[in-house]
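All ligand and atom numbering here is 1-based and tracks the order in the structure.
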Amino acid sequence: MNQLRTQVGIVGGGPAGMMLAHLLHRAGIESIVVEARSRDYVQERVRAGVLEQGTCDLMHAAGVGARLEREGITHQGIELRFGGQRHRIDLSGLTGGKTITIYPQREVVKDLIDARIAVGGAIFFEAEEVSIRGFDGDAPTIQFRDSGGVQEIRCDFIAGCDGFHGVCRPSIPAGALTIFERTYPFAWLGILAEVAPSSDELIYCHHERGFALHSMRSPSLTRLYLQCDPNDSVAAWSDERIWEELHTRFAVAGGWKLNEGPIVQKGVTPMRSFVAEPMRYGHVFIAGDAAHIVPPTGAKGLNLALADVRVLAAALAKYYAGGSRDLLDSYSQTCLKRVWKVQRFSWWMTSLLHRFPADNPFDRRRQVAELDYITSSRAAAQSLAENYVGLPMEGPQRFP
Ligand code: RFL
Ligand code: PHB
């Protein structure tokens, strides 16, 4: 067995793991990243697209914002579409000038992997049979197998950044974690189409046939979602059926037109709200999707994952600078305050915009009344806007 030693062992090379490795490096703390998939796979996965203002600020503060600055598309508002009418929410006007930025998750991951490799940071891709041990005492290790054989990393702390289906959370003894969960009786069918977006801003659409979302990846790539049955397979959705359904749900009075183009990717995403508490057990800290999942309606998952590792990096930096564990001890509590506010917002956006199967006329009327209220009351619109652009970050505001 090959033995390695580092300060922080990071399981998972998604946005949370790669940002943590980067922030730790800037604080002079050594880490090793262990990722189950190949570099190409993690860099090409089609996932999130919306960065909060605070996430962009973090990318810039951490010195990985150059391409985001050049290629990110800044938005100052979103559209709510219901009853065949268009309503703009002026995010910037309602939040003292804050914005959101369209910059795909895979570009964030690419930037962070490039930064890691540029400084010669250790990262193992295609790691098999990953396991974590010894984290309830003070000898935590990560073990895995790769082309070089069995590897063991001894470390001071383990960061479980391995997503919802990873090994870190399930390695914590049952009974030490409390799980809070809600599943929704619908899913999203997501497509990527090679066509210019049909709108400058995102469109969240409430329709009696179900929710639809118009988003984008670049000036020539459109991302679209349709609420569908959670048991639907992609095969049930021919290109023709998808476009027909999109035209129906997005139809408005007036001149708006949905652009069609070749569909280059299709996928069905289940919808779930999930929180594991606390986000720490002994010497293992869980972060991002490993600890919590939000339904995608509020565009929060990636942003929340990065907010966690921002807190964790600051806590580890303080510990290694002076030996104080106080920020490590408050890590879970600090993160969970934000996690639950974001859970609430994501659940609320989801409940507001989707058709529920056991739907009744009262609920439909209530949803429309709420949409009407949001689009006619500054106070109501402001509450949506300040959550959508991102609540202020908890914990220390400065980073190494
Ligand atoms: P990730 O991205 O899942 O990364 C975890 C990494 O760990 C690896 N891994 C392992 N490595 C080693 N050993 C093991 N045993 C391992 N098991 C897994 C995985 O290969 C992976 O590389 O988690 P992380 O870093 O916490 O990041 C979370 C985000 O990816 C996620 O929250 C977002 O993508 C959610 N999300 C959105 N978030 C937003 O903020 N804005 C959005 O607009 C948005 N849209 C979305 C989304 C997620 C979607 N899907 C497909 C779930 C739209 C969709 C359709
Ligand atoms: C996306 O562009 O993938 C996207 C945008 C907004 C959401 C969810 C996903 O709420």
S.K.: So, 4.0 Å and heavy atoms of R47: is ligand 2 close enough to count as a contact?
M.R.: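 Contact check R47 vs ligand 2: positive.
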S.K.: Provide, to 0.1 Å, the distance between atom 11 (N) of ligand 1 and the closest protein heavy atom, together with that atom's residue and name.
M.R.: A36 N, 3.1 Å
S.K.: Should you measure from each heavy atom of L213, which atoms of ligand 2 turn up under 4.0 Å away?
M.R.: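 The list of qualifying atoms is 5 (C), 6 (C), 7 (C), 8 (C), 10 (O).
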S.K.: Would you say ligand 1 has an N or O under 3.5 Å from any N or O of A16?
M.R.: yes
S.K.: Pick, from L306, L202, L302, L304, the option with the minimum heavy-atom distance to atom 38 (N) of ligand 1.
M.R.: L302
S.K.: What about the rings of F82 and H87, do their centers lie closer together than 6.0 Å?
M.R.: yes
S.K.: Tell me if the CD atom of E244 is crowded by more than 12 foreign heavy atoms within 6.0 Å.
M.R.: no
S.K.: Applying a strict 4.0 Å limit to heavy atoms, is A127 in contact with ligand 1?
M.R.: no
S.K.: Fit a plane to each ring of F274 and F164, take the angle between them on a 0 to 90° scale, and name the class: parallel (under 30°), tilted (30 to 60°) or perpendicular (over 60°).
M.R.: perpendicular
S.K.: Tell me whether the centres of the aromatic rings in Y225 and F211 are closer together than 6.0 Å.
M.R.: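 No, ring centres 6.0 Å or more apart.
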S.K.: Pairs of nitrogen or oxygen atoms closer than 3.5 Å, one from R45 and one from ligand 1: do any exist?
M.R.: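 By distance alone, the answer is yes.
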S.K.: What protein heavy atom sits nearest atom 6 (C) of ligand 2, and how far away is it?
M.R.: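 Nearest neighbour among protein heavy atoms for atom 6 (C) of ligand 2, to 0.1 Å: Y204 OH, 3.3 Å.
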S.K.: Checking a contact table here: which protein heavy atom is nearest atom 15 (N) of ligand 1, and how many Å away?
M.R.: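 Answer for atom 15 (N) of ligand 1: V167 CG1, 3.5 Å.
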S.K.: What protein heavy atom sits nearest atom 30 (O) of ligand 1, and how far away is it?
M.R.: Q105 NE2, 2.7 Å
S.K.: Would you mind checking which non-hydrogen protein atom is closest to atom 18 (C) of ligand 1, with the distance to 0.1 Å?
M.R.: D162 O, 3.2 Å
S.K.: I'd like the name of whichever of Q105, R217, M216 reaches closest to atom 1 (C) of ligand 2 through any heavy atom.
M.R.: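 Ranked by closest heavy atom to atom 1 (C) of ligand 2, first place is R217.
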S.K.: Could you tell me whether L202 approaches ligand 2 through its side chain, its backbone, both or neither, with non-hydrogen atoms closer than 4.0 Å?
M.R.: side chain
S.K.: Report the nearest protein non-hydrogen atom to atom 8 (C) of ligand 2: residue, atom name, distance rounded to 0.1 Å.
M.R.: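 For this ligand atom, the closest protein heavy atom is P296 O, 3.3 Å.
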S.K.: Answer side chain, backbone, both or neither: which part of A305 comes under 4.0 Å from ligand 1, heavy atoms only.
M.R.: side chain
S.K.: If you count the atoms of ligand 1 from 1 in the order shown, which ones are under 4.0 Å from a heavy atom of G163?
M.R.: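 Matching atoms, with element in brackets: 3 (O), 5 (C), 23 (O).
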S.K.: For atom 49 (C) of ligand 1, what is the nearest protein heavy atom, given as residue, atom name and distance?
M.R.: R47 CD, 4.1 Å
S.K.: Please tell me whether E30 and Q7 have a donor and an acceptor in their side chains that are separated by less than 3.5 angstrom.
M.R.: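 No - no donor-acceptor pair under 3.5 Å links their side chains.
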S.K.: Taking the six-membered ring of Y41 (Phe, Tyr or Trp), confirm whether the NZ or CZ of R37 is under 6.0 Å from its centre and within 45° of its axis.
M.R.: yes
S.K.: Are any of the N/O atoms on R223, whether in the backbone or the side chain, positioned under 3.5 angstrom from an N/O atom of ligand 1?
M.R.: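 Min N/O separation from ligand 1 is not below 3.5 Å for R223.
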S.K.: How about W347 and Y184: are their ring centroids closer than 6.0 Å?
M.R.: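 Not close enough - the centres of the two rings lie 6.0 Å or further apart.
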S.K.: Considering both backbone and side-chain atoms of G301, is one of its nitrogen or oxygen atoms within less than 3.5 Å of a nitrogen or oxygen in ligand 1?
M.R.: yes
S.K.: Taking distance alone, with N or O pairs closer than 3.5 Å, would you say Y225 contacts ligand 1?
M.R.: no
S.K.: Can you confirm if the NZ or CZ of K98 lies within 45° of the ring axis of Y388 and under 6.0 Å from the centre of its six-membered ring?
M.R.: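 Ring-cation test returns no.
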S.K.: So, regarding V42 and ligand 1 (criterion: nitrogen or oxygen to nitrogen or oxygen, under 3.5 Å), is there a contact or not?
M.R.: no
